[in-house]
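Right, one structure below, let's go through it.
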Protein chains: 2
Amino acid sequence: MAGKREQNREQNRLALIGAVLDSVAEKGISETSVSEIIQRAGLSRGMIHLHFGGKENLVQAAAHHSSEEYYDGLEALLQTAGDSPQERIEMIVRGDLSERVLNRRNVNIWYAFRGESRNRTAIAEHSDTRDGRLRGMIHNAFSRIVREAETPDASGAARDATHGTLALLEGMWTDFLLHPDRFDREEAARIIFRFLAAMFPAHFALSGAIRPQQEKGAAPAAPEASDS
Amino acid sequence: MAGKREQNREQNRLALIGAVLDSVAEKGISETSVSEIIQRAGLSRGMIHLHFGGKENLVQAAAHHSSEEYYDGLEALLQTAGDSPQERIEMIVRGDLSERVLNRRNVNIWYAFRGESRNRTAIAEHSDTRDGRLRGMIHNAFSRIVREAETPDASGAARDATHGTLALLEGMWTDFLLHPDRFDREEAARIIFRFLAAMFPAHFALSGAIRPQQEKGAAPAAPEASDS
DNA sequence: GGTTTTGATGGACGATTGTCCATTTTTAAT
DNA sequence: ATTAAAAATGGACAATCGTCCATCAAAACC
């Protein structure tokens with residue numbers, strides 16, 4: 001019953017948001033003008049003001065939307081993971097490095113917004129939200145690992161492991177941003193697990209699936225389906 | 001000697017570059033207009049076209065300048081470091097996290113340029129150059145460490161340690177970008193060394209001042225039934 | 001001191017920016 | 001079928017963008 005009226009309305013809202021994200025991913029923020037947006041969305045000039053009250057709010061909504069998409073993808077993956085903390089961490093790491101989450105489009109959008117987040121308050125939240133939610137997921141898992149392991153200074157160890165894992169993931173994203181061609185997802189995951197295995201050998205040494213053989217075997221480079 | 005003519009010329013060139021960097025750090029790239037730049041530099045409108053041929057080239061020169069500054073700072077620090085590879089790595093890490101290098105101004109500039117680097121070729125080089133040079137420094141040190149330690153698969157270990165350390169540093173920078181207030185340099189360094197100590201206990205265990213907890217006790221009997 | 005040379009100035013210029021509204025079109029209600 | 005309401009249109013508009021050049025000021029040379 002949604003009403004054709006409201007249905008179209010929402011559809012156009014999403015078209016505008018999608019157009020912003022496409023343009024930001026492809027041309028960058030500075031070249032994402034109102035003209036560019038409405039052309040991509042195939043809508044008229046006034047729609048931005050009508051639906052969002054201005055370009056600024058639209059960009060903010062697009063940032064929020066992108067953030068939600070990122071989390072939906074990650075949490076969907078997490079639901080398919082087992083209950084053990086090491087399984088959850090492994091799923092988070094592999095999910096965060098998977099092609100669905102870590103691809104040219106998302107990385108470009110993410111870093112474009114970050115670069116401008118200084119001024120745009122609402123966009124900074126976008127990054128903060130991600131950080132906060134992801135941190136919570138990882139920290140929960142490490143807390144359990146550390147508790148089981150009866151580590152001295154458990155809370156500190158969990159905190160440091162969380163902070164370190166997040167930093168590693170961030171670094172890998174940056175790596176992908178700067179070298180999308182030569183980026184290797186398997187290598188990125190292997191390195192993270194190598195660090196984790198060194199810190200928690202009982203939990204990650206085997207599950208990490210670290211292959212000692214890293215002769216630069218002609219691993220079939222990921223197809224790298226750079227969209228857009 | 002220098003000629004008052006040429007002296008002023010160079011001085012104005014630098015004033016323009018400095019104005020761009022100040023503006024980018026403070027207001028972001030999108031708000032760094034020609035008017036903004038010449039106002040900060042206290043020069044006339046035509047200077048940009050005269051000295052750089054256009055705004056685009058000026059911004060590019062500013063990115064290059066910022067990159068050089070970063071490296072000068074880091075290499076100056078490195079000269080005061082000892083010869084041992086662990087000393088050099090520790091100096092790089094602490095230098096990269098020091099207030100002289102990692103501060104709001106630099107981080108804002110760095111990420112602002114990164115966010116737009118997709119389009120601006122020359123700015124992408126700026127990031128690449130940093131990456132290439134820094135990677136070389138770190139990799140050299142790890143190669144020596146790994147060689148001394150007679151690690152199996154030495155080259156792979158050095159490569160992974162380099163990649164991981166770089167990713168950790170990048171992640172810490174991102175952390176600073178998003179939370180400059182609550183960022184803790186000591187904590188960041190401690191976490192990195194904690195990871196390194198876990199990987200190379202003989203080299204970093206003591207200098208890190210944190211005892212790695214990886215030594216499993218006599219009665220570890222992992223409570224986890226599944227693969228540990 | 002006069003002349004040449006070059007750096008520096010600031011306004012003119014067309015292009016493009018984002019906002020806003022009078023108008024038209026479409027859907028829902030009567 | 002008619003009316004009321006809402007959504008969509010596209011152009012007008014002032015403001016701002018970056019470029020460029022005619023003009024001016026001053027350092028360098030003779």
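Below, each value reflects all heavy atoms present in this structure, side chains not excepted, and no hydrogens, waters or symmetry copies. Chain naming here is simple, since letters A, B, ... match the order of the sequence lines and numbering starts at 1 in each.
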A/Arg45 CZ to C/dT16 P, in whole Å, measures 12 Å

message: Checking B/Asp181 against B/Arg104 for the salt bridge (charged side-chain N to carboxylate O under 4.0 Å, His left out) test, could you report, in this order, the C-alpha distance in whole Å, the side-chain angles of both residues, the deciding distance, and whether it holds?
response: CA-CA 10 Å; B/Asp181 301 316; B/Arg104 296 199 195 208; 2.9 Å; yes

Separation of D/dA6 atom P from A/Gln7 atom CD, nearest Å, is 19 Å

In whole angstroms, the gap separating C1' of D/dA5 from CD of A/Glu6 amounts to 14 Å

Whole-Å distance, A/Lys27 NZ to C/dT17 P, equals 10 Å

**OP:** Taking only the side-chain nitrogens and oxygens of A/Asn12, find out if one of them lies under 4.0 Å from OP1 or OP2 of D/dA8.
**Re:** yes

Among C/dG18, D/dG18, D/dA8, the one nearest any side-chain atom of A/Leu50 is D/dA8

| request: Give a yes/no on whether any side-chain N or O of B/Arg9 is located under 4.0 angstrom from OP1 or OP2 of C/dG7. | output: yes

From the candidates D/dA12, D/dA8, C/dA8, the one with an atom nearest any side-chain atom of B/His51 is C/dA8

Atom CD of A/Glu31 and atom C1' of D/dG18 are separated, to the nearest Å, by 14 Å

**Message:** Angle between ring planes, A/Phe176 versus A/Phe183, binned at 30° and 60°: parallel, tilted or perpendicular?
**Reply:** perpendicular

Determine: side-chain N/O of B/His49 to OP1/OP2 of C/dA8, distance under 4.0 Å, yes or no. no

To the nearest angstrom, the CG-P distance between A/Asn57 and C/dC20 comes to 11 Å

Result for 5'-nearest mapping on DNA chain D, choosing between A/Gly42 and B/Ser33, is A/Gly42

A/Leu43 has its side chain closest, among D/dC20, D/dG11, D/dT9, to D/dT9

Taken to the nearest whole Å, CD1/B/Ile37 to P/D/dT19 is 10 Å

message: Check the orientation of B/Tyr111 and A/Tyr111. Use parallel for under 30°, tilted for 30 to 60°, and perpendicular for over 60°.
response: parallel

When rounded to whole Å, the CE to P distance for the pair B/Met47 and D/dT19 reads 16 Å

Parallel, tilted or perpendicular: rings of B/Phe204 and B/Phe142 (30°, 60°) = tilted

Among C/dA8, D/dA8, C/dG18, the one nearest any side-chain atom of B/Ser44 is C/dA8

- request: Verify salt bridge (charged side-chain N to carboxylate O under 4.0 Å, His left out) between A/Glu90 and A/Arg94, making sure each step is shown before the conclusion.
  value: CA-CA 6 Å; A/Glu90 187 164 347; A/Arg94 293 201 182 277; 3.4 Å; yes

Regarding the side chain of B/Ser35, the nearest nucleotide among C/dA8, D/dC17, D/dG10 is D/dC17

